[in-house]
Amino acid sequence: MDVRATLRARRWQLSVVGGAVAALTAAAIAFAPGASAATEFSDTFESGLASSWSKSGGTWAVVADGSQALRQSNAGSENARLFNGSTSWTNVTVQARVKPLSLGSGGFVGLLARATGSTTFFRLALLPGNQVQLQSVNGGSVTVLGSASRTVATGTWYTLAIDVNGSTVRGLVDGTQIASGTASSPTSGRIGLQTSYSTASFDDVIVTSGGTTTPTSAGPTTTRPATTTAAPTTTRAVTSAPATTRAPATTTGAPVTNNPGNASGLVGFATLTGYGRTGTNGGAGGATVTVSTYAALAAAVADDTPRIVRVSGTITNGGGDMLDVGSNKTIIGVGTNATISGFGFDVNGWGPDEVAWGGDLCDPAEKDRFTKVENVIIRNLSFRSSADDSVNVQCYSHHVWVDHNTFYAAADGSVDVKRGSDLVTVSYNRYIGTDKSMLLGHSDSNGAQDTGYLRVTYHHNWFDGSNTRHPRVRFGYAHVYANYVEVDDYFLGLGVGGRIYAESNYVKSAKTITEDFGDTALTWTSSNYYNTATITRANDSGKTMADWLRITGGVAAPPYSYSAGSAPSSPPAAGAGVSGADTIP
């Protein structure tokens, strides 16, 4: 099942509500555009739809709030954003009524103009502590163009406006200019609505061009030279979280420049050369930061800069979106109890910018038009109660190592690799009572994208009372060796078009060793161990061996050096917290 990917990337419905200016009452308009202004866009949400808005994060719905309004209701979302309009809009005024419903510490509610991507735009933000800031956000780095002290109360409607004319940017609240400044970029872009660790209602959005807005009064204005400060979304970090966030995705397929080589102890497909990269070493050569909050973690993994991110304690974001992980990262737990709770990691370069031009999900026609995520290590973490997958590798991501983690039950998979991803190693992990443990290839109909990709090594994992998919394979090549298997249902899922080379696995117990879903070929070497007395289906009346272990042969050994050894008669030193797991590889 690929529900999370579909929901996360889905563009919200539907058409722009053109010609709706007449529906804006005089009370909703705190000031009027100049006489020569032309209306480019408006939305009152009276249709009950979030008309044509592109969503990135948060929980959005049209609700009754006096009139129909658009509400973001997830206070735990770090970056809840909607975008609309044309990327060619230059000199415009964007205005909206905004009602903060909650303002979390380090959070904000804001209006965006000239958005060229999910992290580059001008923003007028209402902040806790009765502050309003006019900001230039470029790749997640925030420059405060001006600010003012002003009452910011939850449950109160404010009319926010950003007027951009050439390099001049002005911010207004209820018709009063509160800040202005200059910035050379961005020069054009869409509009947007945003919250961070806050909830809010938005209504009566209007964009005009051809004339500038005249404030009702000059108001207090504080203009500053370009001074970079940490973005509000990263100030919640307790320990050394970097202020940078991931740069907007580009439309080129060029690999990220980084240091080649392999991390200590890495074996398998993630060691190979491909896609302009040799080996996997994660954040090697980058700074080391320690994080203990969701905000700090999100900031530390968002960009593509090499970085070693040490996770301390339990980080929770119950029911939240999967957290996007950028390239060149080692994410490693500190000590024996580092935990990711309520969410998972999405190793996936297909973000909201790509959705805007390419649709919900990546496909083969677009594989060379966006920057893939590469060179990621995830290690020594316990994953609990993810609202979707615990780790998801998709959209042509490559060179990923998932090692020495403990996975508990998630809403969906524990470690899924799909949509053209490649060169992955999954090793020394423990799966305790998981259901859909590991999926390789998400759909029987996705051969055009997955054939020739999805090469993954699974070794020395401990399947501890887990249920299915260890892994289930479609179209890919799985090298499965030296795993300790004690499962409630099946060990290997034989799907469509796949290949499995299995050796030195110890099957202590299972309902069946293989489950047929298609024509996956299996080489099962003599070094594997099982006892038919512990295979439920082997003892069912009328069953033949092909019913519980279908071996076809014909799958060649993988093209790298390794030592499979003999099948382990006791569980390997797998999972988070075992000796040496918190050592940076």
Over all heavy atoms of both residues, which pair between [X] and [Y] is shortest? Give the atoms and the distance, please.
{"X": "Thr280", "Y": "Val376", "result": "CG2-O, 4.0 Å"}
{"X": "Asp412", "Y": "Lys436", "result": "OD1-CD, 3.5 Å"}
{"X": "Pro585", "Y": "Thr330", "result": "CD-CG2, 4.5 Å"}
{"X": "Val301", "Y": "Val309", "result": "CG1-CG2, 4.2 Å"}
{"X": "Val267", "Y": "Thr425", "result": "O-OG1, 2.9 Å"}
{"X": "Val480", "Y": "Pro471", "result": "CG2-CD, 4.0 Å"}

Working to the nearest 0.5 Å, report the span between [atom1] of [X] and [atom2] of [Y].
{"X": "Leu82", "Y": "Leu193", "atom1": "CG", "atom2": "CG", "value": "5.5 Å"}
{"X": "Ser382", "Y": "Ile432", "atom1": "OG", "atom2": "CD1", "value": "7.5 Å"}
{"X": "Leu381", "Y": "Thr314", "atom1": "CG", "atom2": "OG1", "value": "10.5 Å"}
{"X": "Arg190", "Y": "Phe121", "atom1": "CZ", "atom2": "CZ", "value": "11.0 Å"}
{"X": "Ser77", "Y": "Asn317", "atom1": "OG", "atom2": "CG", "value": "7.5 Å"}
{"X": "Tyr529", "Y": "Ser504", "atom1": "OH", "atom2": "OG", "value": "14.0 Å"}

- [ ] Please say whether the positively charged group of Arg384, taken as NZ for Lys or CZ for Arg, lies over the ring of Tyr408, i.e. under 6.0 angstrom from the six-membered ring centre and within 45 degrees of the axis.
- [x]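 The answer is yes; both the distance and angle limits are met.
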[Y] and [X] side chains, donor-acceptor separation under 3.5 Å:
{"X": "Asn505", "Y": "Asn528", "result": "yes"}
{"X": "Thr525", "Y": "Ser527", "result": "yes"}
{"X": "Thr457", "Y": "Tyr560", "result": "yes"}

Hey, is the main chain of [Y] close enough, under 3.5 Å, to the side chain of [X] for a donor-acceptor pair?
{"X": "Thr278", "Y": "Thr273", "result": "no"}
{"X": "Asp416", "Y": "Leu439", "result": "yes"}
{"X": "Asp422", "Y": "Arg455", "result": "yes"}
{"X": "Ser196", "Y": "Glu78", "result": "yes"}
{"X": "Thr451", "Y": "Gly447", "result": "yes"}
{"X": "Arg430", "Y": "Gly575", "result": "no"}
{"X": "Gln72", "Y": "Thr199", "result": "no"}
{"X": "Thr406", "Y": "Ala576", "result": "yes"}
{"X": "Asn380", "Y": "Gly577", "result": "yes"}
{"X": "Ser327", "Y": "Glu374", "result": "yes"}

Is it the case that the ring center of [Y] lies less than 6.0 angstrom away from the ring center of [X]?
{"X": "Phe491", "Y": "Tyr530", "result": "no"}
{"X": "His460", "Y": "Tyr484", "result": "no"}
{"X": "Phe463", "Y": "Tyr458", "result": "no"}
{"X": "Phe269", "Y": "His399", "result": "no"}

TODO: Would you check, one step at a time, whether the test salt bridge (charged side-chain N to carboxylate O under 4.0 Å, His left out) holds for Asp450 with Lys418?
DONE: CA-CA 7 Å; Asp450 290 339; Lys418 53 200 178 191; over 6 Å; no
TODO: Report the C-alpha distance between Asp488 and Lys511 in whole Å, list the side-chain angles of each, state the deciding distance to 0.1 Å, and finish with yes or no for side chain to side chain contact (heavy atoms under 4.5 Å, CB included).
DONE: CA-CA 6 Å; Asp488 293 337; Lys511 177 181 177 180; over 6 Å; no
Open item on the list: Determine whether Val496 and Asp519 satisfy the following criterion, side chain to side chain contact (heavy atoms under 4.5 Å, CB included), listing intermediate values before the conclusion.
Closed with: CA-CA 5 Å; Val496 175; Asp519 58 356; 4.2 Å; yes
Task: Audit row: Asp43, Trp53, side chain to side chain contact (heavy atoms under 4.5 Å, CB included) steps and yes/no - done: CA-CA 10 Å; Asp43 201 341; Trp53 295 85; 3.1 Å; yes
Going by heavy atoms in the side chains, are [X] and [Y] under 4.5 Å from each other?
{"X": "His470", "Y": "Val485", "answer": "no"}
{"X": "His459", "Y": "His479", "answer": "no"}
{"X": "Ile500", "Y": "Val555", "answer": "no"}
{"X": "Arg550", "Y": "Leu522", "answer": "no"}
{"X": "Arg472", "Y": "Tyr490", "answer": "yes"}
{"X": "Asn281", "Y": "Asn375", "answer": "yes"}
{"X": "Tyr562", "Y": "Thr271", "answer": "no"}
{"X": "Trp350", "Y": "Val355", "answer": "yes"}

Open item on the list: Would you call the rings of Tyr453 and Tyr275 parallel, tilted or perpendicular, taking 30° and 60° as the class edges?
Closed with: parallel
Open item on the list: Run the salt bridge (charged side-chain N to carboxylate O under 4.0 Å, His left out) test on Asp547 and Arg537 for me, step by step, so that the C-alpha distance in whole Å, both residues' side-chain angles and the decisive distance to 0.1 Å come before the verdict.
Closed with: CA-CA 8 Å; Asp547 292 315; Arg537 192 175 288 173; over 6 Å; no
- [ ] Please report the C-alpha distance between Leu440 and Val424 in whole Å, then the side-chain angles of each, then the deciding distance to 0.1 Å, and finally whether the side chain to side chain contact (heavy atoms under 4.5 Å, CB included) criterion is met.
- [x] CA-CA 11 Å; Leu440 183 59; Val424 177; over 6 Å; no
- [ ] With Leu454 as reference, evaluate Val473, Val417, Leu423 under the side chain to side chain contact (heavy atoms under 4.5 Å, CB included) test and give the passing residue.
- [x]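 Checked Val473, Val417, Leu423 against Leu454; only one passes side chain to side chain contact (heavy atoms under 4.5 Å, CB included): Val417.
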Task: side chain to side chain contact (heavy atoms under 4.5 Å, CB included) partner of Tyr431, chosen from Asn483, Asn461, Asn405, Asp464 - done: Asn461
Task: Passing candidate, salt bridge (charged side-chain N to carboxylate O under 4.0 Å, His left out) with Lys329, options Asp324, Asp303, Asp304 - done: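 That would be Asp303; it is the only one of Asp324, Asp303, Asp304 passing the salt bridge (charged side-chain N to carboxylate O under 4.0 Å, His left out) with Lys329.
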